[in-house]
Number of protein chains: 2
Amino acid sequence: MNKYGKITIRDVSERANASIATTSRVLNNTDYPVKPEMRKRILKAAKELGYTPNLLGKALKTGKSHEIGVVVPSLLNPYYAEAVTGIERICSARGYNPVFCSSDNSPDKELANVEFLIRMRMDGIIISKIEYGDEVIDRVNQAGISTVYFDQPVSNEKLSCVTYDFFEAGRMAAEYLTSKGHKKIAFFSLPFDRQSRISRYEGFKHGLKEAEGYLYLDSSSSYEGGEFLREFEAGERLVSDFLEKSEASAVVAINDLIAIGAMNAFSKRGVSIPNDISVVGLDDISFATMSNPALTTVKQPSYEMGSIAAEVLIDGLEGKRHKPEIIKMLPKLVERDSVCIHV
Amino acid sequence: MNKYGKITIRDVSERANASIATTSRVLNNTDYPVKPEMRKRILKAAKELGYTPNLLGKALKTGKSHEIGVVVPSLLNPYYAEAVTGIERICSARGYNPVFCSSDNSPDKELANVEFLIRMRMDGIIISKIEYGDEVIDRVNQAGISTVYFDQPVSNEKLSCVTYDFFEAGRMAAEYLTSKGHKKIAFFSLPFDRQSRISRYEGFKHGLKEAEGYLYLDSSSSYEGGEFLREFEAGERLVSDFLEKSEASAVVAINDLIAIGAMNAFSKRGVSIPNDISVVGLDDISFATMSNPALTTVKQPSYEMGSIAAEVLIDGLEGKRHKPEIIKMLPKLVERDSVCIHV
DNA sequence: TGCCTTGTAGAAAACGTTTTCTATAAGGAG
DNA sequence: CTCCTTATAGAAAACGTTTTCTACAAGGCA
């Protein structure tokens with residue numbers, strides 16, 4: 001019993017009349033030979049005392065914490081909540097414990113989180129990096145901690161990355177709408193502060209071909225009641241803006257939250273979806289099936305991306321994979337009820 | 001430089017020609033007197049070597065990790081995502097680092113998570129406990145780790161708990177509907193495996209007074225694509241069941257996810273909300289404003305509950321609060337468009 | 001008999017910190 | 001010129017583990 005009243009391995013060994021070494025061996029049931037009678041005594045003592053191993057001591061000694069740090073921009077966006085769930089399931093199936101941090105959409109907090117994880121000597125890190133430069137990457141490299149980037153792409157091929165073809169997703173959305181006869185299409189966006197958004201917009205423009213595109217950008221950043229509201233409200237503001245000056249017959253939104261917020265704002269103003277305006281989202285969050293009308297969108301498999309990132313990381317940690325892995329998942333258009341043919 | 005290639009405080013001290021003791025004092029800038037010139041040398045050496053303190057060593061020595069463990073049943077439910085965000089903001093403002101674990105709605109995993117947090121010697125724990133018995137409580141008590149329970153109530157008054165008047169919420173929902181003339185009201189529920197659900201239902205029954213109530217319980221537990229889908233689907237199944245046999249004119253749902261899923265299923269079957277059936281939810285997740293029609297619901301302030309739980313815990317850790325704190329937040333009816341008067 | 005395994009156990013050295021204690025010099029008071 | 005502070009620094013003992021040695025029987029084999 002130490003000064004904090006916690007039972008240590010020493011207490012157990014004393015009560016069992018064994019050495020600390022033997023006690024440790026029994027408690028970790030290694031294959032080191034220990035007489036059955038002794039083993040029983042130690043186990044009994046541990047149980048009676050309610051011994052709880054101190055993972056700090058263990059990790060310090062072994063250099064392995066069996067913990068994996070995870071950094072995402074937000075837990076409020078269902079997109080990340082799903083990714084995190086994928087990570088959680090894989091980690092826990094493979095005997096690791098994920099530690100989640102939210103950077104709250106702030107690059108500063110992101111860096112602080114990474115720093116914390118490094119200091120805690122996590123075995124590995126999984127991160128959806130929003131910071132635009134290389135500060136996080138440099139830091140992680142310097143610390144020499146294995147890392148898998150997911151969601152946002154990183155350009156360096158020496159780095160493992162599970163990402164998504166954002167460009168193609170934007171392109172598909174545009175192509176789909178033009179194939180339905182839409183010529184003038186608006187793009188509702190949040191600020192282009194991260195690669196995924198830029199690529200989606202580039203893809204969108206590319207997919208337009210001879211059709212026309214308009215950009216509507218919401219740069220306001222009021223933040224009350226969480227991500228949902230913020231992005232919904234952005235959707236509403238974009239709609240006001242749009243109705244004042246646009247002649248487009250369709251809208252592509254930078255993500256589903258914006259799309260749903262926009263549809264709602266349209267309805268409130270008496271604009272019928274999809275009869276008056278068609279809307280296409282990007283992400284396919286679960287909620288997309290529940291909006292009214294159900295949202296046509298381009299699916300980004302966040303749950304799978306999370307699971308794969310975790311698999312890649314753990315494989316690396318366990319020496320089952322040696323080269324950096326670069327995986328780019330493919331978009332898929334999900335047709336629902338928010339688009340109709342334009343004549 | 002140790003065998004893992006990491007820089008330790010010893011490396012810094014050697015390069016600065018100082019002792020480990022002095023180095024530690026400078027790096028933690030304590031008020032212990034150190035000559036300015038020496039201080040500068042140490043700081044310089046630390047910077048040049050890229051020293052990163054090992055928090056495991058520090059925590060082991062000091063007995064304080066400055067980490068707070070958080071266990072919630074799911075991160076996919078926006079209700080918990082919001083709570084977790086509240087916790088995150090407070091912790092990080094007060095210099096603590098939250099470590100989030102999801103128990104994935106499984107009592108076993110919940111216990112495993114708690115065990116992990118205890119072994120990591122977290123300074124404190126915040127938990128929304130779903131396990132119905134006392135196993136978690138006993139474990140935490142035995143470990144002697146300060147804990148704040150939130151969301152689900154615990155009966156023991158020696159325990160700090162930030163909860164919510166679930167009974168009153170159920171009662172208000174029923175009262176509101178009867179005040180609008182509804183006599184026969186159905187209750188759509190998930191299994192009664194946790195106190196909050198039981199209390200909501202009890203409150204609902206109590207609020208009915210002379211009106212009639214019917215219970216529809218969804219016990220199916222298919223789980224694909226996450227919480228959202230699961231609960232939405234439960235909503236759909238409940239609707240099928242309901243349409244076969246009920247004559248109720250209104251529905252109260254155990255939570256907003258179920259309510260929204262149900263509204264959607266009603267619409268698909270040509271039942272108009274609120275003209276044919278009125279629907280009231282419980283929770284007021286952000287999405288409730290975006291459903292169609294917008295959902296009338298009873299607000300449960302999850303973000304605030306999370307923040308308060310964090311404040312209470314940290315106050316306790318820092319000796320600013322000594323007695324257990326029991327806080328019960330009050331419900332508030334939020335009128336939107338999913339209820340109409342029944343004649 | 002002497003020697004080599006094999007089974008079983010403990011002592012002690014790490015892991016990276018913080019902190020208590022001890023040591024030295026310098027400066028001030030008497 | 002002593003004696004007592006005060007400023008400054010380092011040695012070494014923890015914190016709770018794991019693991020490498022070392023130790024010593026007992027048994028098998030030549």
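First the proteins, then the strands, lettered A, B, ... as listed; each starts at 1. Keep in mind the model is a prediction, meaning the values are calculated, not measured.
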| request: Using a heavy-atom cut-off of under 4.0 Å over every strand shown, decide if A18(A) touches base, sugar-phosphate, or nothing. | output: sugar-phosphate
Look at K323(B) together with E157(B) and state whether they make a salt bridge at an N to O cut-off of under 4.0 Å. no
I9(A) atom CD1 is separated from dA12(C) atom P, nearest whole Å, by 17 Å
So SG of C91(A) and CD of E67(A): to nearest 0.5 Å the spacing works out to 10.5 Å
Residues in residues 116-124 of chain A with a heavy atom under 4.0 Å of DNA chain C, by number, are none
With the threshold set at 4.0 Å, does a side-chain nitrogen-carboxylate oxygen contact exist between R321(A) and D315(A)? yes
Heavy-atom nearest nucleotide on DNA chain C taken for A21(A) and for N54(B); more 5' hit belongs to A21(A)
Pair K109(A) + D104(A), salt bridge at N-O below 4.0 Å
yes
Rounded to whole Å, CG of L56(B) lies from P of dT18(C) at a distance of 12 Å
Separation of dA14(D) atom P from R10(A) atom CZ, nearest Å, is 10 Å
Considering only heavy side-chain atoms of K61(A), the closest of dT17(D), dG10(D), dC15(D) is dT17(D)
Residues in residues 25-40 of chain A with a heavy atom under 4.0 Å of DNA chain D, by number, are R25(A), N28(A)
Counting the atoms with a prime plus P, OP1 and OP2 as sugar-phosphate, which does S13(A) contact under 4.0 Å by heavy atoms, base, sugar-phosphate, or nothing? nothing
- Task: Using a heavy-atom cut-off of under 4.0 Å over every strand shown, decide if I20(A) touches base, sugar-phosphate, or nothing.
- Result: base
- Query: Do the charged groups of K35(A) and E37(A) touch, with an N to O distance under 4.0 Å?
  - Reply: no
Check: Using a distance-only test with no angle check, is there a side-chain donor-acceptor pair under 3.5 angstrom linking R119(A) and N97(B)?
Finding: no
Can you tell whether the side chains of E318(B) and R94(B) come within less than 4.0 Å, N to carboxylate O? yes
Q) Looking across every strand, which nucleic acid part, if any, lies under 4.0 Å from L55(A) by heavy atom: base, sugar-phosphate, or nothing? A) nothing
*Using only side-chain N and O atoms of S24(B), determine if any of them is under 4.0 Å from OP1 or OP2 of dT18(C).*
yes
Ion pair check, E115(B) and R139(B), cut-off under 4.0 Å: yes
- Message: Side-chain N or O of T22(B) versus OP1/OP2 of dG10(D): is the shortest distance under 4.0 Å?
- Response: yes
*Run the numbers on S102(A) and E88(B) for side-chain hydrogen bond (donor to acceptor under 3.5 Å, both in side chains), then give the verdict.*
CA-CA 8 Å; S102(A) 159; E88(B) 145 81 25; 5.1 Å; no
